[in-house]
Structures are given as structure tokens and as C-alpha cells.
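These notes concern the structure reproduced below.
Sequence lines set the chain letters: A, B, ... in the order given, protein chains first and strands last, and positions in each chain run from 1. Remember, predicted model here, so these are calculated numbers, not experimental data.
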Amino acid sequence: MTESRRLGFILAAALLACAIVAAGPYLLDTYSVNVLTRSLLYAAVALTVDLLWGYLGILTFGQSVFFAIGAYAAGLVFTHLDFSNANAVLALGLGIGAALLTAAIVGWLAFWHGASALYASVITLVLPIVATQLLYSGGTFTGSSSGLSGFTSFDVSMEGWFWIAGFFLVAVTTGAFIFVKSDAGRLLVAVRENEQRCKYLGLDTSRLKIAVYLACAAIGAVAGYLYAGYSMVVAPELAGFVFGTELVIWTALGGRGTLLGPVFGALIVDYESAQLSGDYPFVWQLIIGIVFVLVIVAFPRGLLPMVVALPRRLLARARGPASPAGEMRLVRLDPTLTQGEAPGDGAALAVKDVAKHFGSLSVLSGIDFSARAGELVSLVGPNGAGKTTLMRCIADGSERSAGSIVVNGHDIGRRPPEACVALGVGRKFQMANVFETLTVAQCLQVARVRHARPSFWKRSRTLPLPEAALHVLATTGLDRQLGTPAHLLSHGMKQALELAMVLALEPRVLLLDEPTAGLTKTERMQIGGILTELTRRQGLCILLVEHDLDFVREISSRIIVLHQGRIVLDGSVEEVVNSELVRQVYAGSGHAGIAHSAQPIQTGAPA
Amino acid sequence: MIAQALDILTTAAILYAVATGLLLVFGVMKIINFAHGGLMTLGGYAALVTTQLGLNPWLAIPAAALFGAVAGMAIERFVVRPLYARPLDAILATWGLSIVIGQLITIAFGRGVQFAQAPLDGTLDVFGESYSAYRLALVPIALILGAGLTALLQGTRLGLETRAVIMNEDLARGLGINSGLVRFLTFTLGSALAAIAGTLITPLSSVDPGMGVPWLVNAFMLVLVSGASLVSLLVSCLVLGGAQVLVSTHLSPVLGGLTIAVLAAIILRIRPQGFARD
């Protein structure tokens with residue numbers, strides 16, 4: 001299916017939905033039209049909950065507040081300034097503006113570098129409580145607990161409001177659908193899956209979260225504005241925690257991360273609530289509560305995926321096996337573009353007097369070395385020597401306790417990981433760290449986002465990669481598995497994929513933390529060959545942590561020995577391998593005599 | 001001045017009683033039990049039933065503990081246990097349970113506001129200030145709860161195992177501790193404490209099906225700033241509860257209602273571990 005055909009299908013579905021909305025008032029009774037208008041607007045807010053929770057992984061209890069901000073903007077302006085067309089525009093502008101401002105404050109609080117998912121949820125929980133209390137304390141201005149009513153509003157018929165609400169919902173849903181399926185939208189899932197990896201791929205995840213949060217706030221505010229215009233009543237309950245959790249309940253019931261699920265969840269539950277709550281108010285709430293608990297415990301993906309699973313399976317059988325791998329094409333980037341300027345004579349990496357301590361425990365102290373482009377420096381030392389800590393300090397400016405680190409002539413200062421990536425640092429973690437639910441090609445695409453701004457509505461069919469990354473893919477055979485989800489890859493393949501992702505960043509300084517841990521001999525030799533070639537041909541500076549001393553000896557141009565947080569030796573392979581000191585460090589001084597003479601350095605330490 | 005000090009002291013005591021059960025569950029199971037509010041409501045209605053039966057109001061406390069414990073056992077077994085690996089989902093599922101409990105109570109007792117008899121009436125003279133005897137009695141009750149829990153955690157084998165699970169569950173299991181049982185007992189105890197808290201607050205307010213919910217958020221915030229320590233919970237109840245009393249009396253009761261939530265959010269922003277010592 002070509003890209004334009006895919007978008008064509010989505011637009012055709014949207015047109016069909018518009019036709020259904022248009023026909024609605026002719027098919028439904030007045031009561032249903034009235035109730036469903038409200039449900040359609042609620043569904044638009046539920047959609048924002050899904051974008052935040054289902055796609056980005058932020059469980060939010062506070063989307064009700066943005067709905068209320070939009071509604072109160074209309075209510076307040078129409079009550080205190082009277083209704084006019086100019087005031088209607090003013091109210092909309094005020095509503096969106098206030099929602100964006102609130103979202104910016106909340107986003108700054110909740111999505112700072114290092115905030116946990118629970119903390120973000122806590123902030124979204126506090127938000128509706130604060131908002132409701134402010135509305136209560138607003139006296140006659142906000143109408144306190146009874147809210148505002150009796151203001152004049154747009155002269156639109158009930159059918160008209162149904163159409164406005166319906167078209168609004170279709171437009172927002174279509175837009176959101178195209179976005180989440182686009183290359184840019186995939187970043188949301190990447191952040192949910194593995195925020196750390198995203199940061200170390202140079203993505204400013206805090207900014208991404210805030211941007212999505214702001215967009216969701218604006219959508220909520222517009223929905224609330226329309227709600228006030230149609231119902232001509234606004235009340236503090238709109239901002240409340242209870243409405244906020246109801247939105248989450250609808251989203252969970254419909255199916256998080258499906259967009260359509262939450263929309264239908266909101267429409268059906270809210271409509272049925274209005275129908276049934278008159279006759280069986282408490283029983284209906286009870287049933288919703290029980291079904292909600294059941295869905296969360298037993299069907300966390302919600303009800304929509306269950307409903308569509310069967311026809312989809314039948315369809316797939318009729319169509320035969322799909323081959324998504326065939327759709328993505330690898331492209332070699334022009335080497336002159338990816339290498340940037342030739343590596344200078346100065347140090348690619350200069351570490352000066354770096355120390356790291358946790359309280360009184362000193363893990364690193366007085367670390368002082370520099371490495372040129374084209375060098376492959378191995379860091380060796382027994383477990384607990386501080387090797388991984390040193391890697392962390394180079395890749396994240398906030399890690400070290402003292403000293404300075406200069407990458408390509410730029411001091412990294414206190415920069416977060418994503419800014420260090422921008423300076424040319426690429427870090428591969430000790431445990432294979434990829435996006436488990438994304439395919440191989442998608443993982444690599446996320447790694448390229450820093451260089452090529454992804455489209456907000458299209459999916460790219462080509463994957464341009466620098467030569468080094470392509471080389472890793474070709475050597476390991478990953479280029480034949482581009483459509484395979486990462487969680488189905490073997491451990492060795494995951495390691496190779498992560499290496500290819502880091503190389504796709506076009507780093508100048510490559511930090512590799514045991515890249516061959518758990519790999520077979522053959523795989524290890526492949527990776528070793530790739531690494532030496534990278535330093536020779538591309539002039540990369542590689543810092544490698546390894547326990548396998550044979551491997552280190554074969555590929556390194558220099559070895560640094562760390563012991564108890566200090567550099568005890570820094571020299572050529574020959575110097576280090578034949579050093580008595582290293583023998584003592586590894587074997588413990590008391591056992592120096594029994595160290596094997598043919599292979600002087602035996603770690604014995606498992607990866 | 002004295003009245004205000006007593007207000008702060010008794011408010012902190014109430015908050016402490018309300019939050020201990022939630023803290024225990026959060027510490028051991030690393031999940032937030034949003035059914036805490038619903039379980040408190042259950043305790044409130046235990047007090048109401050005791051009043052309606054004409055029994056001694058103090059009997060409401062063991063009755064509430066029993067109801068809470070039984071409900072907690074069922075919740076742990078059927079809802080919380082499958083969600084150990086999904087802590088955010090556990091928040092949602094327990095919130096759903098809170099709705100279920102609230103609706104069941106509504107169906108059984110109606111929606112209206114009712115009143116339970118207080119175990120202690122009248123006032124006591126404290127340094128020349130006459131103050132509600134029941135509010136004063138809550139201070140020793142909260143202290144007894146705290147001391148009892150501390151004794152349980154520090155002095156018994158189960159407490160030792162529980163602390164081991166709090167610190168490192170995988171290691172504890174490797175050493176042969178049945179962490180599933182520890183979790184089950186913890187949740188049961190936490191639920192019983194929630195219901196007891198519900199009973200304790202009923203003489204101060206009315207009994208209605210949604211009575212637990214306003215307490216939930218404050219208790220939740222207090223637990224988050226306290227980590228898993230009963231001592232730091234005491235500190236945060238005194239500091240944040242004190243701030244609430246001061247803001248309510250000197251600025252406005254509405255802002256007072258926000259004080260704990262907003263202050264806790266700010267504290268956590270500045271110092272993610274809150275009042276806990278790392």
C-alpha cells in the first residue's frame with residue numbers, strides 16, 4: 001500500500017464518519033441528539049487522555065481541567081461582557097490561551113528531567129483539585145458552587161450543535177490518527193517504551209511531552225468552549241477529579257492506545273449513562289465500576305482490540321502473510337555528509353580530574369585522560385572499579401561530582417544526555433537497550449530523528465543510514481529483519497541493533513559498555529572487526545568497557561586500567577598486558593604469583 | 001494560640017491515622033491503593049451501624065477493622081495480585097473498586113448524609129482553653145496506632161520479613177520469605193487501618209457514600225512525601241497538617257483545603273524523596 005493510498009483510506013473513513021454525523025439528527029430522537037452532543041465533546045477530551053496515557057504513557061487525571069477552562073472562558077465572557085461575535089472569538093482565544101498557560105506550568109512541574117511517571121500522575125491529580133477549589137472560591141465571578149448559567153450564546157439549533165460537535169470530533173480524531181501513525185507520532189510510543197534510550201538518542205523527551213501536553217490542552221479547551229456554547233451552563237464539576245477519572249475510565253474501557261476505542265468508549269458509556277441513570281442510577285455506576293476493574297485486571301488493552309481482533313484475523317488469513325519488511329528500503333547516506341568535518345588534531349574526548357561520589361562513598365576520583373579521534377581506548381578493571389560510572393559521567397553532564405569533560409572541544413558542563421548526544425557522544429548500554437515493541441527499522445528511524453525531522457503526517461518508506469550503521473546491519477544480517485519487532489530478536493541481534501542505532505547518530509565519541517557481553521565467539525569477532533574499522537576509516541574515538549581481555553588485546557590501540565575508582569595504568573596494549581601491577585589488580589596482590597603466565601590478565605569476572 | 005496549637009496537633013493526628021494504612025501498602029507493595037477512600041467509607045458506615053444498633057460507639061473500631069480486613073483480603077486476592085507488575089494500573093483498578101464500594105453502600109444505605117454517635121462528648125480544659133474531648137482523644141489513638149505498627153514491624157518475625165520485602169523483594173524471596181503472604185497480610189492490615197480511620201473521622205464529619213474520597217488525595221500526598229517510613233509520616237503530618245491549619249485560619253479555608261496537595265507537589269519537585277532520609 002503506497003503512502004498516498006494509506007492517507008486516502010484514512011480520509012475516506014473520516015468522510016464516512018462525517019456523513020454519519022450529518023445523518024445523525026435525522027435518524028435519532030431529540031433527546032438522543034441532545035445527549036450525544038455532549039458525549040461527542042467528552043469523546044474529544046477522552047481522545048486527549050488516550051494520546052497522553054495510551055501513547056505517551058502519562059496517566060493523567062487532570063484533562064477535565066482543560067475542558068473546564070474552555071467552558072469557563074465562554075461562560076465568564078458571555079456572562080460578564082455579554083455575547084457578541086467579537087466576544088465569542090475573545091472567549092475562544094482566552095480559553096485556549098489559559099489552557100496552554102496552565103498546561104505549560106503543569107508540564108514544567110511534571111515533565112522535568114528525571115521526574116518519575118508516578119510524579120507526573122500526582123501533578124495531574126493535584127491539578128483538578130486546585131482548579132475546583134479556585135472555582136469555588138471565585139464568588140459571584142465564577143458563580144462558586146452553582147457555576148454560571150443563563151448567559152446568551154450562539155444562535156445555533158440543537159441539530160447545528162450536534163453537527164459542530166460531531167465534525168469537531170471527526171476532525172480531531174482524524175488528525176490524531178494521522179499523527180500517531182506518522183514517523184513523528186511513533187516517537188510517542190518510543191518515549192513510553194524506553195524514555196532513557198530516547199534521551200541517549202538525542203531526543204529532548206521533556207520537550208516532546210510538554211508539546212503533546214500543550215496540544216491536548218488546546219483540544220480540551222476547544223471542546224469545553226463548544227460545550228459551554230451549547231449547554232449554556234458551566235459548573236465546577238467540569239474541572240473535577242471525578243470527571244477527570246471518568247475520562248480515564250472511558251479510555252481504559254475503550255482501549256488505550258487505539259484512539260478509536262476511547263472515542264467509542266466515551267460515546268457509549270456517557271450516552272448509556274444518560275439513558276440508564278434516570279432509572280437505575282446506582283446500579284449503572286456499580287456496573288461501570290465492576291466492568292472497569294475487570295477490564296484493567298483482565299483485559300488491559302481494553303474492549304475495542306477484542307472487538308476488532310476477530311475480523312482482523314480473518315482478514316489477515318484471506319490476505320495471506322503480510323510483509324512489512326519489504327516496504328522499508330535502506331539507503332546509504334553520502335559519507336561526505338555523515339562524517340562532518342574531518343577530525344581535528346585536538347582531543348576528541350578530554351576528561352580532567354573527574355570525580356564521582358555518593359555521599360561519603362567515592363566511586364571515581366582524579367580521572368584524567370584524553371583520547372584522539374581514531375583511537376580505540378579500552379577501559380578495563382575488576383567489577384566495581386568504576387568503569388560504567390565513568391561512562392555515565394561522560395554521557396550525562398549531571399552525573400559527575402567534580403571535574404570537567406570536553407567532547408570535540410566543547411565542555412559538556414551540566415548538560416543532560418540529549419545535549420551530550422548533540423555534542424557527538426553516542427552511548428551503548430551494557431544491557432541491550434532498544435524499543436521492544438518497535439520493529440528494527442522503526443528503532444533505527446527513531447535514532448535518525450536528531451538528523452532528519454520526521455513528518456507529522458507521513459510514513460517514510462526509505463531509511464537513510466550512515467555507512468557505519470549499514471555495515472553493522474549487513475554484517476549481522478539485521479538488514480533482512482527490518483520488519484521484525486525488536487522483542488523477537490535474539491540477545492546478540494539486540495546488541496547489534498543498539499550498536500547500529502547509536503552509530504546512526506553519527507557520533508564522534510562512541511561509548512560502548514560491554515558490547516559483546518553474552519555474544520557468541522563469531523558475533524564477537526564481527527563486532528570487533530566493525531569497531532576497528534570505524535576507528536580506522538571514520539576516525540571515531542571509541543571508549544570500550546570490556547571484560548574479555550583477549551578481545552581487548554586484539555582491537556585496542558590503548559588500554560586504561562581502572563582500580564577502585566582511580567586510573568592505575570594508561571598505556572599501549574603491550575605495556576598493560578605485561579604489567580605486574582595489572583596482574584596484581586586482577587588477581588589480588590596476595591595471589592599475584594599464581595596468575596597465569598601465558599594469559600597475564602584473567603578477569604574471571606562474569607559479564 | 002493554644003487553640004491553634006491544639007488544632008495543629010489534632011489535625012496531624014487525624015491525618016496520621018488516615019495515612020498509615022496507605023503508607024504500609026505503598027511501602028511494601030509499591031502500589032497506591034486508591035480503594036483507601038472507599039475502605040474509609042466502609043469504616044464510617046461501621047460506625048453508623050454501631051450507632052443504629054445502639055451499641056457502645058467504641059465497638060465501631062473493632063467492627064470497622066473486621067470489615068476492612070475482610071474487604072482487603074478479597075481485594076488483594078482478586079484485584080491487586082494480578083497487577084503487581086503494573087503499578088499505574090493498580091491505581092486505576094483500586095479507584096474502580098472505590099467506585100464499586102461507594103455504589104454498594106449507596107444501594108444499601110441510601111445517598112443521604114447521616115450521623116454516627118461520637119464515643120466521647122463534651123470538652124476538656126487544656127491550659128484554660130476548652131477543646132473538643134474527642135479531637136483530643138485522637139492524639140493518643142494515633143500515637144497508639146503508630147506505636148503498635150512500629151512494634152509490629154520492629155519486634156516480630158513478620159515485621160522483619162515485611163521490612164526485608166520493603167528493602168529488596170527479590171532478595172527476600174531468594175532467602176525463602178513468602179513475599180506473596182507478606183503482601184497479602186500487609187494489604188489486609190492496610191485495609192483494616194483504612195476502615196478504622198474511617199470510623200475515627202465520622203464523629204468529626206457526617207457519614208455519606210463519598211466521605212472517604214476527599215481524604216484520599218491528602219493521604220496519598222502525605223505518603224508520597226514520607227516514603228516508606230512511619231517516622232517521616234509523622235513529620236509530614238505535623239508539617240503539612242500544621243500548614244493546612246495555619247492557612248485555613250489566617251488566609252482562607254478554601255486555600256487550606258489545597259495546602260497539603262500543593263505543598264507536597266512542590267516538595268517532591270524540589271526533593272523527590274520528600275521527608276524520607278534518602
Under 4.5 Å to a heavy atom of chain B? For A:Tyr119 that would be side chain

Report, as yes or no, whether the 6.0 Å neighbourhood of atom CZ on A:Phe264 holds more than 12 heavy atoms from other residues, nucleotides or ligands.
no

Contact class of A:Leu125 relative to chain B, heavy atoms under 4.5 angstrom:
side chain

Nearest heavy-atom pair of B:Met221 and A:Val126: which atoms, and what distance?
CE-CG2, 3.6 Å

Between CG on residue B:Leu92 and CD1 on residue A:Ile249, distance to nearest 0.5 Å:
8.0 Å

Region of A:Trp284 that comes under 4.5 Å of a non-hydrogen atom in chain B:
neither

At their closest point, which heavy atom of A:Val293 faces which heavy atom of B:Ala93, and how far apart are they?
CG2-O, 3.5 Å

Any B:Gln103 side-chain heavy atom under 4.5 Å of A:Ile287 side chain:
no

Proximal component of B:Val213, with respect to chain A [non-hydrogen, under 4.5 Å]:
side chain

More than 12 heavy atoms of other residues, nucleotides or ligands under 6.0 Å from CZ of B:Arg111: yes or no?
no

Considering only heavy atoms, which portion of B:Leu104 lies under 4.5 Å from any heavy atom of chain A: side chain, backbone, both, or neither?
both

Contact origin within B:Phe220 toward chain A - heavy atom pairs under 4.5 Å
side chain

Structural part of A:Val248 lying under 4.5 Å from a heavy atom of chain B
side chain

Minimal non-hydrogen separation, A:Ile296 against B:Arg86, with atom names:
O-NH1, 3.0 Å

Nearest heavy-atom neighbours spanning B:Leu258 and A:Gln133:
CD2-CG, 3.3 Å

Can you find a pair of side-chain heavy atoms, one from A:Ser121 and one from B:Ile91, that are under 4.5 Å apart?
no

Is the shortest side-chain heavy-atom distance between A:Leu118 and B:Leu224 below 4.5 Å?
yes

Residues A:Pro300 and B:Asp89: closest non-hydrogen pair is CB-OD2, 4.2 Å

Does atom CZ (B:Arg269) have a neighbourhood of more than 12 heavy atoms from anything else shown, all under 6.0 Å?
yes

As an exercise: rank B:Val100, B:Leu83, B:Leu255, B:Leu97 by heavy-atom pairs under 4.5 Å with chain A and give me the winner.
B:Val100

Mind listing the closest non-hydrogen atom pair of B:Val254 and A:Ser137 along with its distance?
CG1-CB, 3.7 Å

Determine whether more than 12 heavy atoms belonging to other residues, nucleotides or ligands lie under 6.0 Å from atom CZ of B:Arg163.
yes

Segment of A:Val297 engaging chain B (4.5 angstrom heavy-atom cut-off)
both

I need the A:Thr245 OG1 to B:Ile99 CD1 distance, nearest 0.5 Å.
6.0 Å

Nearest-0.5 Å distance that lies between atom CD1 in A:Ile123 and atom CD1 in B:Ile266
8.5 Å

Is the distance between the ring centroids of B:Trp95 and A:Phe61 under 6.0 Å?
no

Checking heavy atoms, do the side chain of B:Val217, its backbone, both or neither come under 4.5 Å from chain A?
side chain

